[in-house]
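The structure under discussion appears below in the form of structure tokens.
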Amino acid sequence: MAISDAALMMAWKEVLAMCNLKAGEQLTILTSDDSNQQIAGMARLAAADMGAVVTNLNLAPMNGEKAISRDKSGYIGKTALEHNKAALACLKASDFVIDTLQLLFSKEQEEILKTGARMLLAVEPPEIMLRMLPKPEDKARVLAGAKKLGAAKKMTVTSKAGTDFECDLGQYPVLTQYGLADEPGRWDHWPSCFVATWPTEKTANGTIVIEEGDILLPMKMYARSPVTFTVENGYVTKIDGGFDAEFLRRFMDSFDDPEAYAMAHVGWGLHTRAHWTVLGLTNPEAQLGMDARSFAGNFLFSTGPNTEAGGTRDVPCHLDIPLRNCSLSLDGEAMTKDGKVVPADQR
């Protein structure tokens with residue numbers, strides 16, 4: 001359903017206030033020709049009304065001839081900033097960047113964040129953004145999970161479908177997403193609510209079983225039959241199953257890079273207003289799939305790059321696969337049980 005300009009502007013003011021936007025700060029709205037104009041327009045009005053010095057920066061779209069998916073996460077890490085020194089300088093001089101282009105996984109995003117700029121990605125449809133409007137309790141759940149994850153040495157994940165996976169932790173930082181870029185140098189994504197990290201290199205091993213109805217991203221489709229990933233020493237070495245398995249293999253092979261098969265971030269969803277069903281009820285092409293990535297109790301695992309964590313795997317192929325019905329533990333302490341978040345007082 002449509003969201004009015006007034007409602008979206010008010011939501012932007014609420015989120016920007018929680019991001020600690022102050023009068024006089026330099027705020028840049030980064031757009032491309034295919035950006036959602038309502039999102040960008042209402043962000044501009046909200047920021048200006050709060051006293052920010054607002055700049056609009058529009059860059060041409062790219063990678064369309066390389067990607068085999070129209071999804072913005074179908075080909076990542078290469079952006080129109082790569083050879084545009086003037087645009088990059090503008091973003092580096094900003095206190096706050098609203099990204100509707102999607103710089104995620106690019107080296108330019110890391111350069112911008114290192115200046116202390118806060119950056120908020122906003123590419124989901126307005127109706128999803130408002131339903132999943134960040135709240136203080138969302139941040140509290142993520143930070144509590146991050147504290148557990150940051151102290152853990154081992155993650156184990158099991159399911160009745162046959163998942164039996166483990167990895168060591170500690171080499172890479174914890175990723176927290178709660179929808180607010182509220183500290184210097186922080187990147188986040190409105191909407192979002194999950195916690196994750198990257199396995200210590202060469203320690204991820206076991207079996208991950210995708211059940212019928214689990215979600216494949218960036219394909220943005222529900223699995224139609226079971227798929228089994230065999231993980232050995234940090235890499236997916238086999239993908240077994242029917243149509244969905246072949247589909248995933250061919251997509252990953254199309255990048256012609258063995259690093260596409262590396263295990264990337266692993267974690268769990270914590271958003272109480274995100275829903276597994278949304279992908280089947282709305283136009284997949286109109287969304288990035290943050291309900292799928294964030295719904296409470298999922299086990300979200302990914303493959304491909306680790307540049308976001310300071311690693312060197314700069315590959316444009318990135319799968320995110322949120323599974324239901326898994327039990328995830330940290331050093332033997334349950335974080336989720338059969339796809340449900342374990343309350344803190346029951347751990």
Side-chain angles (χ1 to χ4, degrees), residues 73 124 128 131-132 134 137-139 141-146 148-149 152 155-167 169 174-179 188-189 191-199 204 206-223 226-229 231 244 248 263-282 284 287-304 318-330 333-344 347:
S73 60
E124 286 288 60
I128 293 178
R131 172 168 46 80
M132 298 169 66
E137 52 266 35
D138 300 329
K139 178 178 177 179
R141 286 194 304 277
V142 168
L143 294 184
K148 291 284 187 181
L149 188 55
M155 176 187 292
T156 58
V157 185
T158 61
S159 75
K160 294 176 182 176
T163 292
D164 188 2
F165 169 83
E166 67 176 24
C167 63
L169 306 173
V174 173
L175 168 65
T176 58
Q177 289 189 209
Y178 49 80
D188 212 316
H189 184 178
S192 188
C193 190
F194 65 81
V195 61
T197 191
W198 285 255
T207 301
I208 298 175
V209 178
I210 302 169
E211 292 188 89
E212 180 182 2
D214 289 334
I215 296 174
L216 311 177
L217 301 169
M219 298 79 182
K220 291 184 288 192
M221 66 185 190
Y222 295 95
V227 178
T228 300
F229 277 47
V231 182
D244 290 324
L248 290 170
M263 286 294 295
H265 61 74
V266 289
W268 68 99
L270 286 162
H271 210 307
T272 58
R273 300 181 309 284
H275 300 282
W276 165 71
T277 57
V278 166
L279 196 63
L281 297 171
T282 57
Q287 61 178 296
L288 195 65
M290 293 312 295
D291 275 274
R293 290 176 173 90
S294 298
F295 70 85
N298 75 23
F299 166 51
L300 176 64
F301 81 94
S302 72
T303 61
H318 179 59
L319 297 182
D320 275 337
I321 302 182
L323 307 184
R324 301 162 300 143
N325 306 321
C326 290
S327 298
L328 185 153
S329 296
L330 300 176
E333 182 180 1
M335 299 293 111
T336 71
K337 178 67 173 176
D338 296 329
K340 305 292 183 183
V341 174
V342 176
R347 292 175 184 163

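Just so it is clear, the structure is predicted and the values come from calculations on it, not from any experiment.
- Scanning for side chain to side chain contact (heavy atoms under 4.5 Å, CB included) contacts around V278 gives I128, R131, H275, T282, Q287, D291, with sequence neighbours left out.
- Between F194 and F295, the distance separating the two ring centers is not shorter than 6.0 angstrom.
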Exercise for the section: Test M263 against V231 for side-chain contact (heavy atoms from CB on, under 4.5 Å), laying out the working first. Expected result: CA-CA 8 Å; M263 286 294 295; V231 182; 3.6 Å; yes
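- Taking a cutoff of 4.0 Å between a charged side-chain nitrogen and a carboxylate oxygen, R324 and E211 do not qualify as a salt bridge.
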Handout entry: Audit row: H189, R293, side-chain contact (heavy atoms from CB on, under 4.5 Å) steps and yes/no
Key = CA-CA 12 Å; H189 184 178; R293 290 176 173 90; over 6 Å; no
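- The structure places CH2 of W268 at 4.5 Å from CG of L330, a figure rounded to the nearest 0.5 Å.
- Closest approach of L270 and V142 over heavy atoms only: CD1-CA, 3.9 Å.
- In this structure, OG1 in T176 is found 10.5 Å from CG in L149, a value given to the nearest 0.5 Å.
- Summarising the geometry of L217 relative to P322, their closest heavy-atom pair is CD1-CD, 4.2 Å, with the distance given to 0.1 Å.
- Considering all non-hydrogen atoms of both residues, C326 and F299 come closest at CB-CB, 4.0 Å.
- For the pair T336 (side chain) and K340 (backbone), a donor-acceptor distance under 3.5 Å is absent.
- Interatomic distance, H271 NE2 to S294 OG, rounded to the nearest 0.5 Å: 6.0 Å.
- Within the 3.5 Å criterion, the main-chain N or O of D338 finds a donor-acceptor partner in the side chain of S327.
- Considering only heavy atoms from C-beta on, I210 comes within 4.5 Å of L323 through its side chain.
- Between the D164 side chain and the T158 main chain, no donor and acceptor come within less than 3.5 Å of each other.
- Within the 4.5 Å cutoff, side-chain heavy atoms of M290 are placed close to those of Q177.
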Practice task
Output, in order, the C-alpha distance, side-chain angles, deciding distance and verdict of side-chain contact (heavy atoms from CB on, under 4.5 Å) for C193 and M132.
Solution key: CA-CA 9 Å; C193 190; M132 298 169 66; over 6 Å; no
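- Panel note: side chain E124, backbone L288; a donor-acceptor pair is recorded below 3.5 Å.
- A salt bridge between R273 and D138 is present, with a side-chain N of the basic residue lying under 4.0 Å from a carboxylate O of the acidic one.
- Residue V174 comes nearest to A146 through the heavy atom pair CG1-CB, 3.8 Å, listed as atom of the first residue, atom of the second, then distance.
- The two atoms that bring Y222 and G213 nearest to each other are CD2-O, 3.2 Å, heavy atoms only.
- Atom OG of S302 sits about 4.5 Å away from atom NE2 of H318, to the nearest 0.5 Å.
- Contacts of D188 classified as salt bridge (Lys or Arg N to Asp or Glu O under 4.0 Å), with partners at least two apart in sequence or in another chain: R186.
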Practice task
Start with the C-alpha gap between F229 and F301, add the side-chain angles, then the distance that decides, and say whether ring pair (Phe, Tyr, Trp, His ring centres under 6.0 Å) holds.
Solution key: CA-CA 11 Å; F229 277 47; F301 81 94; 5.6 Å; yes
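- N325 contributes atom CG, which lies 8.5 Å from atom NZ of K160 (distance to the nearest 0.5 angstrom).
- Across V157 and T163, no two heavy atoms sit closer than the pair O-CG2, 3.6 Å.
- Without hydrogens or angle criteria, K337 side chain to V342 main chain gives no donor-acceptor distance under 3.5 Å.
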Practice task
Evaluate side-chain contact (heavy atoms from CB on, under 4.5 Å) for V266 paired with L300, printing each intermediate quantity in order.
Solution key: CA-CA 6 Å; V266 289; L300 176 64; over 6 Å; no
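- Inter-residue side-chain proximity for I215 and L279 is flagged as met; some heavy-atom pair is nearer than 4.5 Å.
- Between the OG atom of S329 and the NZ atom of K148 there is a distance of 11.5 Å, given to the nearest 0.5 Å.
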